[in-house]
Enquirer: 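One structure, pasted below without further comment.
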Amino acid sequence: MGRQRQSEAETPSVRLSDGRTARIVPSAYANGFEVDVDGTPQSHVDPADPTHLHFEYVARMGAVIDQLPDGPLTAVHLGAGGLTIPRYIDATRPGSRQQVIEIEQALVDLVRENLPLPRGASIRIRIGDAREGLSRLPAAMTGSVDLLVSDVYSGAQTPAHLTTVEFYSAAASLLGPSGVLLVNVADGSGLAFARRQVATIREVLPEVIVLAEVQVLKGRRFGNLVIAASAAPLPVEWLPRLMAAGPHPAKVAQGSEIDAFIQGARPAVDGDATDSPKPSEILFER
């Protein structure tokens, strides 16, 4: 597929189970393609360079992944999108074994047909709800996963059942002693949802940092925050400098800053959790 403008008839698309339409379109801003759902960009994929992470929050996830010990990873991904992070790990850490859980079979088929995975990549895709799918992973993975990425959206919102202490406890049970959980959270003014998510995750995994563009972290505009958490201290020595380098000024909140960030926020549990807030503009940053 080239980068020339496509007509609607030429645009690969599929109707999802909830009636929304997923499409693959050439990126107007960079090399590669975007997977969008009802006009909201969900993923960017550059088949010629899988290390190209165009969306800022994905690049921040990549920066954390790069800090993990050298060598292949055992990784679990909740939410497929364009399989951007699995492609990145396959390219930067050959020999990695990855499992992806995605509820929309039609989306997976669309992506695999039009943006095929690299030949030989050890990436298995399982269809089903992310939370239920955790319990169906091979028993041998319990306590042995190096990285678990949660980036699940129904439309532009994360479903409530994927935001609770119970959910994160199930996810954390898969992690090895130094395994890392990465969560993409979208929030706006006041950051009430994000603060509660950080409090919820820290209830399960004590070592937590938050990465975001400065104005987003201050709650001044809607955007994406990346939460990284582990039972062990996180490898963050170089992250502040990497985040400050741009393309937009970004920050790593850690230690006492996390205490201040979540002050007064109550962890979410299955009985009182809510979906993430709807964005007032497109969800993913450029």
Side-chain angles (χ1 to χ4, degrees), residues 1 3 12 22 24 26-27 30-35 41-105 107-128 130 133-134 136-138 140-141 144-153 171 174-176 178-184 211 224 226 228 230 234-235 238-239 242 284:
M1 295 169 63
R3 292 193 63 207
I24 295 178
S27 174
N31 291 330
F33 301 85
E34 290 182 3
V35 179
Q42 299 285 333
S43 302
H44 176 273
V45 176
D46 186 346
D49 180 10
T51 67
H52 173 201
L53 302 178
H54 179 60
F55 290 143
E56 291 174 20
Y57 90 88
V58 180
R60 289 176 192 127
M61 285 186 167
V64 175
I65 294 168
D66 289 346
Q67 301 299 305
L68 301 181
D70 293 340
L73 298 176
T74 298
V76 174
H77 307 265
L78 307 182
L83 299 164
T84 305
I85 289 292
R87 297 171 197 265
Y88 179 79
I89 291 173
D90 179 70
T92 59
R93 294 171 179 267
S96 293
R97 297 178 299 172
Q98 305 187 71
Q99 301 263 350
V100 180
I101 303 174
E102 167 59 48
I103 199 167
E104 292 285 354
Q105 178 73 66
L107 176 63
V108 170
D109 293 343
L110 178 72
V111 170
R112 297 191 78 159
E113 180 179 351
N114 295 279
L115 299 170
L117 288 168
R119 184 172 299 176
S122 180
I123 301 172
R124 177 171 179 178
I125 302 175
R126 298 171 180 266
I127 303 301
L134 290 175
R136 296 198 299 268
L137 291 171
M141 297 189 72
S144 65
V145 170
D146 301 304
L147 174 71
L148 194 152
V149 180
S150 182
D151 189 7
V152 184
Y153 284 84
L174 293 172
L175 296 175
S178 59
V180 172
L181 169 72
L182 283 179
V183 183
N184 172 35
L211 304 85
N224 298 85
V226 172
S230 180
L234 289 158
W238 297 104
L239 283 176
L242 287 172
F284 292 96

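Heavy atoms only: backbone and side chains are in, while hydrogens, waters and symmetry mates are out. If you're wondering where the values come from, they're calculated on a predicted model, not measured in any experiment.
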Enquirer: side-chain contact (heavy atoms from CB on, under 4.5 Å) between H54 and V58: does it pass, once the steps are laid out?
Expert: CA-CA 7 Å; H54 179 60; V58 180; over 6 Å; no
Enquirer: CD1/I123 to CG/L117 distance, rounded to the nearest 0.5 angstrom?
Expert: 5.0 Å
Enquirer: Test of understanding: with ring pair (Phe, Tyr, Trp, His ring centres under 6.0 Å), list the residues that count as partners of H77, not counting sequence neighbours.
Expert: none
Enquirer: To the closest 0.5 Å, what do you measure between OG1 (T92) and CD1 (I85)?
Expert: 9.0 Å
Enquirer: Can you confirm whether I125 sits close enough to R112 that some side-chain heavy atom of one is under 4.5 Å from a side-chain heavy atom of the other?
Expert: yes
Enquirer: Under the side chain to side chain donor-acceptor pair (under 3.5 Å) test, which residues partner R126, sequence neighbours left out?
Expert: Q99
Enquirer: Quick one: does H44's side chain get under 4.5 Å of S27's, heavy atoms only?
Expert: yes
Enquirer: Assess the residue pair D49 and N31 against the criterion (side-chain contact (heavy atoms from CB on, under 4.5 Å)); give the C-alpha distance rounded to whole Å, side-chain angles, the decisive distance to 0.1 Å, and a yes or no.
Expert: CA-CA 9 Å; D49 180 10; N31 291 330; over 6 Å; no
Enquirer: Main chain of Y88, side chain of T51: is a donor-acceptor contact present, judged purely on distance under 3.5 Å?
Expert: no
Enquirer: Side-chain contact test, heavy atoms from C-beta onward, threshold under 4.5 Å: evaluate it for V45 versus V111 and give yes or no.
Expert: no
Enquirer: Do the side chain of S122 and the main chain of R97 share a donor and acceptor less than 3.5 angstrom apart?
Expert: no
Enquirer: Could you report the tightest heavy-atom contact between L68 and D146, atom names first, then the distance?
Expert: CD1-O, 4.4 Å
Enquirer: State which residue, out of V145, T74, L181, fulfils the side-chain contact (heavy atoms from CB on, under 4.5 Å) condition with L174.
Expert: V145
Enquirer: Check whether more than 12 heavy atoms from other residues, nucleotides or ligands sit under 6.0 Å from atom CD of E113, and answer yes or no.
Expert: no
Enquirer: Using every non-hydrogen atom in the two residues, find where R93 and I65 come nearest and quote the distance to one decimal.
Expert: NH2-O, 3.0 Å
Enquirer: Using side-chain contact (heavy atoms from CB on, under 4.5 Å), reason through V100 and V108 one step at a time and then give a plain yes or no.
Expert: CA-CA 10 Å; V100 180; V108 170; over 6 Å; no
Enquirer: Do F33 and N114 come close enough that some side-chain heavy atom pair is under 4.5 Å?
Expert: no
Enquirer: Of the non-hydrogen atoms in R136 and I127, which two are nearest, and what is the gap between them?
Expert: NH2-O, 3.7 Å
Enquirer: Please tell me if the side chains of S230 and L175 come closer than 4.5 Å, counting only heavy atoms from C-beta onward.
Expert: no
Enquirer: Minimum heavy-atom separation for S43 to F55, with atom names?
Expert: C-CE1, 3.4 Å
Enquirer: Tell me the closest heavy-atom pair linking L107 and A22, and the distance in Å.
Expert: CD1-CB, 4.0 Å
Enquirer: Show the numbers, then the answer: is there a side-chain contact (heavy atoms from CB on, under 4.5 Å) between L134 and L78?
Expert: CA-CA 9 Å; L134 290 175; L78 307 182; 3.9 Å; yes
Enquirer: Looking only at side-chain N and O atoms, does N224 offer a donor or acceptor that is under 3.5 Å from a partner on N184?
Expert: yes
Enquirer: Going from CG on L182 to CZ on R60, what distance comes out if it is rounded to the nearest 0.5 angstrom?
Expert: 13.0 Å
Enquirer: Mind checking side chain to side chain contact (heavy atoms under 4.5 Å, CB included) for I103 and listing every partner two or more places apart, or none if nothing turns up?
Expert: D129
Enquirer: How close do D46 and H52 get, heavy atom to heavy atom, and via which atoms?
Expert: OD2-ND1, 3.1 Å
Enquirer: Determine whether a donor-acceptor pair (N or O, by modelled atom type, separation under 3.5 Å) exists between the side chain of E34 and the backbone of P41.
Expert: no
